[in-house]
Amino acid sequence: MKPILIKNILQLTPQSQTVKVSGWVRTFRNNQFISLNDGSTIKNLQIVVDFQNFPEELLKKIHTGTSITVTGKLVPSLGKGQTHEVVAEALDIIGECSPEEYPLQPKKHSLEFLREIAHLRMRTTTFQSVFKVRSGLAFAIHQYFQQHGFVYIHSPIITASDAEGAGELFQVTTLNLNNIPKTETGEVDFSEDFFGKPANLTVSGQLEAELAAMAFSKVYTFGPTFRAENSNTPRHLAEFWMIEPEMAFYELPDNMDLAEDMLKYLIQYAFNNFPDELEFLQQRQSEEEKQKPQNERSSMPLLEKLNFCIKESFERLTYTQAIDILENSSYNKKKKFQFPVQWGMDLQTEHERYLVEKEFNKPVILTDYPKAIKAFYMRQNDDDKTVRAMDILFPGIGEIIGGSQREERLDKLEQRMKEMRISAKDMYWYLDTRRFGTVPHSGFGLGFERLVQFVTGMSNIRDVIPFPRTPKNCEF
RNA sequence: UCCUCAGUAGCUCAGCCGGUUAGAGCACAUGACUGUUAAUCAUGGGGUCGCAGGUUCGAGCCCUGCCUGAGGAGCCA
């Protein structure tokens with residue numbers, strides 16, 4: 001007889017049928033009730049042990065974390081708090097778990113502590129909820145794009161280009177760091193390195209996605225990206241996953257429509273498929289926020305916030321309009337902004353938060369930023385001052401998506417690259433897309449962990465990826 | 001990288017103006033109880049006060065440096 005997943009057992013009508021289950025003990029109460037979890041659901045199965053019929057030696061080995069297999073009769077629970085329970089007839093201990101050494105206790109642990117034991121934290125309801133939602137969202141992303149005619153492209157993890165200039169790079173090398181080969185002029189001789197030139201981990205799959213979009217019309221990438229920036233914030237990781245769709249024949253409004261529709265689909269998917277997990281996470285978040293001062297709490301509970309984002313259309317405005325709003329805000333007149341508002345500057349976190357949380361109180365799409373603060377590949381507007389960029393700002397998270405319509409005109413692109421000192425020679429393959437059958441096209445990048453943060457309500461990004469990589473932290 | 005705060009038992013924390021043998025709850029062990037829901041009750045064990053210096057008759061507490069963590073900022077997704 002094979003063990004049945006707890007998820008499936010809880011769907012059976014209990015009528016004293018014999019079932020077998022395996023899992024890990026969460027708590028053992030009253031020398032009589034085992035709360036068993038196997039990860040198939042965040043719900044636990046209550047096992048009732050008649051302590052008079054089992055040897056004391058066996059029962060003494062049952063602690064939080066012990067793995068067991070139980071065979072018994074499935075009956076309606078006599079107690080409150082659960083619908084089903086299994087009256088144990090046979091109980092085998094698979095793996096013991098010393099209660100003196102096992103760090104997880106049947107009590108609340110701080111997220112900081114659990115982060116230090118990331119190899120064990122998945123055994124908590126919080127992290128099971130988060131990672132189930134994460135898994136579901138990853139699946140939903142593929143489902144969404146596959147249903148909409150997109151081709152999944154695997155962009156390379158190791159690249160030799162730093163075209164985007166998006167942050168510091170992780171260098172990839174097989175050179176002996178204790179004996180680095182040098183050229184006659186004393187520089188590192190990369191001709192001896194594995195690729196014969198400097199290589200690094202990718203910071204974005206966008207440029208490769210653009211190449212593919214010129215063949216398949218609609219493509220997306222979904223893979224890990226790496227930034228060696230020394231950023232220590234609850235919103236940044238050195239290794240994170242990014243979704244980057246790229247669409248030929250799409251202009252900026254089409255790009256915005258797609259991004260908004262996709263985000264709503266993903267949130268709706270989580271809503272439909274993980275009600276128990278989201279319910280639990282909402283509970284967790286509201287308890288966490290009881291510790292915070294009133295003005296730092298979320299304006300609405302998690303499920304309400306998600307529902308709100310699905311129903312409301314995102315506010316769309318240009319960078320210039322946003323600056324106008326900020327300049328004329330009472331906030332600005334009372335000089336509450338630390339950074340003065342001025343056309344041409346990059347919006348600071350406080351400005352973005354004002355727009356999203358005070359002015360509109362819903363997701364905001366900002367477009368047409370000054371070209372000086374955006375990447376070389378963004379399509380230039382006729383005003384010669386702005387580019388067809390778009391950023392989607394979410395409450396609590398900030399920028400969740402950054403995208404643009406790409407510059408498809410070869411001369412304009414080359415001119416911009418010259419201005420920004422980007423080598424046209426190294427980027428010949430990218431420029432070829434504009435030489436051979438160029439078309440208007442657009443795309444964006446979605447930070448997967450930031451999406452998971454938003455949907456789960458977790459305040460620190462290190463708690464939505466199983467093994468976070470951050471400066472000075474590469475454990476497990 | 002910058003600013004702020006924190007580091008005391010396995011966990012969460014208290015520790016007064018620098019003064020005797022550093023405390024609590026939970027966890028753990030032992031016993032009692034046995035339809036519990038982080039069970040309950042009683043008893044007990046458990047400390048390199050982050051690390052290294054310094055000031056002082058005396059430092060968990062004051063000073064300096066470093067390490068680690070958190071929050072904010074910058075960079076961004």
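Every chain is numbered from 1, with letters handed out A, B, ... down the list of sequences. Remember, predicted model here, so these are calculated numbers, not experimental data.
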Ring-ring centroid check A:F337 A:Y354, cutoff 6.0 Å: yes
Over all strands shown, is A:Q348 touching base, sugar-phosphate only, or nothing at heavy-atom distances under 4.0 angstrom? sugar-phosphate
How far does the C1' atom of B:C61 sit from the matching atom of B:G71, given to the nearest Å? 25 Å
Taking any heavy-atom pair under 4.0 Å as a contact, classify A:F33: base, sugar-phosphate, or nothing. base
Counting any heavy atom closer than 4.0 Å, what does A:I397 reach on the DNA or RNA strands: base, sugar-phosphate only, or nothing? nothing
Which is true for A:N460 with a 4.0 Å heavy-atom rule: it touches a base, it touches only sugar-phosphate, or it touches nothing? sugar-phosphate
Between A:I373 and A:E112, whichever has its closest RNA chain B nucleotide further toward 5' is A:E112
Please work out if A:G445 contacts a base, only the sugar-phosphate, or nothing of the nucleic acid, heavy-atom cut-off 4.0 Å. sugar-phosphate
Taking any heavy-atom pair under 4.0 Å as a contact, classify A:T27: base, sugar-phosphate, or nothing. sugar-phosphate
Report the C-alpha distance between A:D38 and A:K7 in whole Å, list the side-chain angles of each, state the deciding distance to 0.1 Å, and finish with yes or no for salt bridge (Lys or Arg N to Asp or Glu O under 4.0 Å). CA-CA 9 Å; A:D38 69 356; A:K7 180 185 170 186; over 6 Å; no
For A:T470, does its backbone N or O pair with a side-chain atom of A:N473 as donor and acceptor, under 3.5 Å? no
For A:E85, report the nucleic acid contact type (base, sugar-phosphate, nothing); a contact means any heavy atom under 4.0 Å. base
Using a cut-off of 4.0 Å on non-hydrogen atoms, how would the nucleic acid contact of A:E100 be classed: base, sugar-phosphate, or nothing? sugar-phosphate
Tell me what A:P99 touches on the nucleic acid: a base, only sugar-phosphate, or nothing, going by heavy atoms under 4.0 Å. sugar-phosphate
Taking the cut-offs as 6.0 angstrom to the six-membered ring centre and 45 degrees off its axis, would you call A:K305 and A:F454 a cation-pi pair? yes
Among A:E407, A:M378, A:R379, A:Q380, side chain to side chain contact (heavy atoms under 4.5 Å, CB included) partner for A:R416: A:Q380
Looking across every strand, which nucleic acid part, if any, lies under 4.0 Å from A:R115 by heavy atom: base, sugar-phosphate, or nothing? sugar-phosphate
By nearest-nucleotide position on RNA chain B, the 5'-leaning member of A:E350 and A:S110 is A:S110
Base, sugar-phosphate, or nothing for A:Q338, non-hydrogen atoms under 4.0 angstrom? nothing
May I ask you to say what A:T349 touches in the nucleic acid, namely base, sugar-phosphate or nothing, with a heavy-atom cut-off under 4.0 Å? sugar-phosphate
